[in-house]
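Lettering follows sequence order; numbering is per chain, from 1. Everything quoted here is computed from the prediction, not taken from an experiment.
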2 protein chains.
Amino acid sequence: MPKTRLDDIDRKIIDALQIDGRMTAQQLAEKVGLSASPCARRVRLMEDMGVITSYTAVIDQDLVDLPISVFASIKLERQREDELERFNAAITRWPEVVDCYLMTGQRDYLLRVVVRDLHAYERFLKEKLTRLDGVASIESSFALAQIKRSNRLPL
Amino acid sequence: MPKTRLDDIDRKIIDALQIDGRMTAQQLAEKVGLSASPCARRVRLMEDMGVITSYTAVIDQDLVDLPISVFASIKLERQREDELERFNAAITRWPEVVDCYLMTGQRDYLLRVVVRDLHAYERFLKEKLTRLDGVASIESSFALAQIKRSNRLPL
DNA sequence: TAGTTTTTGGCATGAAACACCATTCTTGAT
DNA sequence: ATCAAGAATGGTGTTTCATGCCAAAAACTA
């Protein structure tokens, strides 16, 4: 079983890989003050532990013609276990929904939906979200601009 | 100047790199039906164009002991250009704020703040957010669970 | 301190990235 | 339809990187 505790070097590695996920073991080594092979081993361990979930390319939404982010707050009629399950399954299936959180407070879910234009959002609402039964209300807020998107956790 | 239009192969490449940002040119090649060297060239071009902004490691928040995501909606007293600028600068500086959007509607900003525990959030509010002048109100909603976080844009 | 365990750093091997070039494909004009 | 010009492709050689292995160093325990 892999070790479960992270030390300062691990955190430095995580931070460096959040900034550049393709950094080589040697570059990492210089950053964190260790040689390449223990660095590579630590990275692999953290992957195996699930600390590092995956690596991803960060894409400019505007340049791929998906400039609209809509935040949709959703309230369900009831919060029965199986209703939530069905909702989660649908959300997971729909590619327009890039983020989804179960929330405290008035609203049950907060989604971020990414689309090409408002018409595409309307289609998403009509053909998908509003067809799900159990949805009591939807409140959409539109993002005018992305001020920050950091990828770095405050370790 | 680099070409500006993306074709189907480019989109496949983007999709593949969102799923695995460390995929090799050869693996990419198989996925998209091209040989390795043109694949690598397309990737580099998209990096140069800014379509691919960066690569990042995706980290499990729970396993690095940062389990709390708070969404904070913020309303400013006025929307003067320089007020917005100062707000943006502060947000950018604070590592707890991982995402920030300028919004339409009642509230001006939507932040996602990541912290270790509620006490850390309280500190963030007291020592940072509420000390910014120009902030008229803050409404915090807590995420109970992350249902989806996809990294893949609906290309 | 001595013994045990863990972690480190170097090395060899196989794979990947990168730059270069000939060939193929596409395009546009005649 | 033909031909020429430009662009994209796929292969090759070189350098760099990842990976597995092992001896040495460090940390930890008794």
Side-chain angles (χ1 to χ4, degrees), chain A residues 1-66 151-153 155, chain B residues 1-66 151-153 155:
Chain A
M1 113 200 72
K3 82 163 185 211
T4 180
R5 197 105 205 98
L6 300 179
D7 62 17
D8 285 342
I9 294 180
D10 291 320
R11 274 184 286 272
K12 280 189 194 174
I13 290 176
I14 290 172
D15 195 54
L17 287 178
Q18 284 181 122
I19 295 172
D20 178 6
R22 302 198 80 155
M23 194 170 283
T24 68
Q26 219 144 27
Q27 293 173 299
L28 261 182
E30 293 172 22
K31 283 239 174 201
V32 308
L34 215 63
S35 73
S37 58
C39 261
R41 180 151 2 98
R42 278 164 180 264
V43 170
R44 166 155 311 209
L45 274 178
M46 290 194 284
E47 290 168 1
D48 294 344
M49 284 192 277
V51 172
I52 299 174
T53 300
S54 60
Y55 299 88
T56 187
V58 180
I59 304 301
D60 185 307
Q61 288 185 215
D62 294 325
L63 293 183
V64 295
D65 197 27
L66 289 166
N151 298 318
R152 288 172 79 183
L153 297 174
L155 293 171
Chain B
M1 111 200 72
K3 82 164 185 211
T4 181
R5 197 105 205 98
L6 301 178
D7 62 17
D8 286 342
I9 294 181
D10 291 319
R11 273 184 287 272
K12 280 189 193 174
I13 290 176
I14 290 171
D15 196 53
L17 286 178
Q18 284 181 120
I19 295 171
D20 177 6
R22 302 198 80 156
M23 193 170 285
T24 68
Q26 214 138 30
Q27 293 173 300
L28 261 182
E30 292 171 22
K31 284 240 173 199
V32 309
L34 215 62
S35 75
S37 58
C39 261
R41 180 150 5 99
R42 279 165 181 262
V43 170
R44 166 158 312 207
L45 274 178
M46 289 194 284
E47 291 168 359
D48 294 342
M49 283 192 278
V51 173
I52 299 174
T53 300
S54 60
Y55 299 89
T56 186
V58 180
I59 304 301
D60 185 308
Q61 287 184 218
D62 294 325
L63 293 184
V64 294
D65 196 27
L66 289 166
N151 297 319
R152 287 172 79 184
L153 297 174
L155 293 171

(message) Can you confirm whether Ile13(A) sits close enough to Leu34(A) that some side-chain heavy atom of one is under 4.5 Å from a side-chain heavy atom of the other?
(response) no

(message) Distance check needed: dA18(D) P versus Leu17(A) CG, whole Å only.
(response) 11 Å

(request) Assign Ala25(A) to base, sugar-phosphate, or nothing according to its heavy-atom contacts below 4.0 angstrom with the strands shown. (result) sugar-phosphate

(request) For Gln27(A) and for Cys39(B), locate the closest nucleotide of DNA chain D by heavy-atom distance; then report the residue assigned to the nucleotide nearer the 5' terminus. (result) Cys39(B)

(request) Using a cut-off of strictly less than 4.0 Å, decide whether Arg44(B) has a side-chain nitrogen or oxygen near OP1 or OP2 of dC18(C). (result) yes

(request) Rounded to the nearest angstrom, tell me the gap between atom CD in Gln26(A) and atom C1' in dA17(C). (result) 14 Å

(request) Measure from CG on Asp8(A) to C1' on dT7(C) and round the result to the nearest Å. (result) 16 Å

(request) Identify whether the distance between the nearest side-chain nitrogen and carboxylate oxygen of Arg42(A) and Asp7(A) falls below 4.0 Å. (result) yes

(message) I need the CD1-P distance between Ile9(A) and dT6(C), as an integer number of Å.
(response) 18 Å

(message) At 4.0 Å (heavy atoms only), tell me whether Thr24(A) reaches a base, stays on the sugar-phosphate, or touches nothing.
(response) sugar-phosphate

(message) With a 4.5 Å cut-off on side-chain heavy atoms, are Met46(B) and Ile59(A) touching?
(response) no

(request) Starting at atom CG of Leu45(B), determine the distance to atom C1' of dA19(C), rounded to an integer number of angstrom. (result) 14 Å

(request) Output every pair passing side chain to side chain donor-acceptor pair (under 3.5 Å) with a member in residues 13-29 of chain A, not counting sequence neighbours, ordered by first then second residue. (result) Asp15(A)-Arg152(A), Thr24(A)-Gln27(A)

(message) Tell me the interatomic distance from Tyr55(A), atom OH, to dA18(D), atom P, rounded to whole angstroms.
(response) 11 Å

(message) Could you check whether any side-chain heavy atom of Leu6(B) comes within less than 4.5 Å of a side-chain heavy atom of Ile14(B), counting everything from C-beta outward?
(response) yes

(message) Would you compute the distance between atom CZ of Arg5(A) and atom CG of Asp10(A) and round it to the nearest 0.5 angstrom?
(response) 10.5 Å

(message) Looking at Arg42(A), I'd like to know whether one of its side-chain N or O atoms comes within less than 4.0 Å of OP1 or OP2 on dT8(C).
(response) yes

(request) Can you tell me the distance, in whole Å, between the CG atom of Leu6(B) and the P atom of dA8(D)? (result) 13 Å

(message) Categorize Ala36(A) for me: base, sugar-phosphate, or nothing, with a 4.0 angstrom heavy-atom threshold over every strand shown.
(response) nothing

(message) Based on the rotation axes of five pairs at each end, what angle does the helix from dT1(C)-dA30(D) to dT30(C)-dA1(D) bend through, to 10°?
(response) 50°

(request) Hey, which sits more toward the 5' end of DNA chain C by its nearest nucleotide, Arg41(B) or Arg22(B)? (result) Arg22(B)

(message) Quick test of your reading: applying side chain to side chain donor-acceptor pair (under 3.5 Å), list the pairs with at least one residue in residues 50-59 of chain A, sequence neighbours left out, ordered by first then second residue.
(response) Glu47(A)-Tyr55(A)

(request) Please state how far atom CG in Leu28(B) lies from atom P in dC18(C), giving the value in whole angstrom units. (result) 12 Å

